[in-house]
Amino acid sequence: MIESQRVFSLKLTHFVWLIFGVIEGLIGLRVLLKLMAANPNNAFASMIYGTTAVFLAPFRGLTVEPSAGGIVLELSSIIALGVYAMLAWV
């Protein structure tokens, strides 16, 4: 009984890390695409922006987003990376 609980707990922990890892990876990719001034009309960039918008909604408007020549540094996305990493750890 205790061994099955440990196995379940370990699998659940791995699943949580997987989910948060995917979210972190997508947000990190979004930050890179914004820094490279990727074309938002491109199918891949549009998919990344659309997918991550849900996870970044609580952080919108938190800080200013410095930009120059189409390059955008999304500080709110970087903050979200830290928050999601802490949530995964908890």
Side-chain angles (χ1 to χ4, degrees):
M1 178 82 166
I2 292 179
E3 184 63 31
S4 64
Q5 288 176 340
R6 283 186 178 179
V7 170
F8 176 76
S9 178
L10 184 63
K11 286 185 179 189
L12 181 63
T13 301
H14 286 155
F15 180 72
V16 167
W17 276 103
L18 174 67
I19 296 299
F20 276 98
V22 169
I23 292 170
E24 292 266 328
L26 289 171
I27 294 173
L29 190 53
R30 177 188 176 104
V31 170
L32 289 175
L33 289 173
K34 290 284 188 170
L35 283 173
M36 295 186 310
N39 180 5
N41 295 323
N42 175 278
F44 179 73
S46 178
M47 180 200 62
I48 296 297
Y49 295 155
T51 304
T52 56
V54 174
F55 301 108
L56 297 176
F59 304 98
R60 288 277 167 237
L62 187 61
T63 63
V64 296
E65 295 180 355
S67 62
I71 298 172
V72 178
L73 177 60
E74 283 191 328
L75 294 175
S76 58
S77 296
I78 295 170
I79 293 169
L81 284 171
V83 170
Y84 285 122
M86 289 189 322
L87 282 174
W89 181 74
V90 168

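Predicted, not measured: the structure shown is a model, and the values here were computed from it. For the numbers below, each heavy atom of this structure counts, side chains included, while hydrogens, waters and symmetry mates do not.
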- Query: What distance do I23 atom CD1 and L81 atom CG have between them, rounded to the nearest 0.5 Å?
  - Reply: 11.0 Å
- Message: Starting from V83, can I reach I27 by hopping between I/L/V/M/F/W/Y residues whose side chains sit under 4.5 Å apart?
- Response: yes
- Query: Please, which pairs that meet ring pair (Phe, Tyr, Trp, His ring centres under 6.0 Å) have at least one residue in residues 43-90, sequence neighbours excluded?
  - Reply: F59-Y84
- For V54 and P58, which heavy atoms make the closest approach, and how far apart are they? O-CD, 4.0 Å
- Item | Reported OG-to-CG distance for the pair S77 and L62, which is rounded to 0.5 angstrom | 10.5 Å
- Hey, what else clusters with V72 if you join Ile, Leu, Val, Met, Phe, Trp, Tyr whenever side-chain heavy atoms sit under 4.5 Å? none
- Message: Looking at every non-hydrogen atom in both residues, tell me the closest pair between A85 and E24 and how far apart they are.
- Response: N-OE2, 2.9 Å
- Cluster companions of L73 among Ile, Leu, Val, Met, Phe, Trp, Tyr (side-chain spacing under 4.5 Å): V31, L35, I71, L75, I78
- To the nearest 0.5 Å, atom NZ of K34 lies from atom OG1 of T52 at 8.5 Å
- Task: Please report the shortest heavy-atom distance between A38 and A45, naming the atom on each side.
- Result: CB-CB, 4.4 Å
- Hey, any chance F20 and F15 share a hydrophobic cluster, counting ILVMFWY side chains that come within less than 4.5 Å of each other, even indirectly? yes
- Going hydrophobic residue to hydrophobic residue with side-chain gaps under 4.5 angstrom, can you get from L56 over to M47? no
- Task: First locate atom CD of E65, then atom CZ of R60, and finally report the distance between them rounded to the nearest 0.5 Å.
- Result: 6.0 Å
- Message: Quick check: is V22 connected to I19 through a chain of hydrophobic side chains (ILVMFWY, heavy atoms under 4.5 Å apart)?
- Response: no
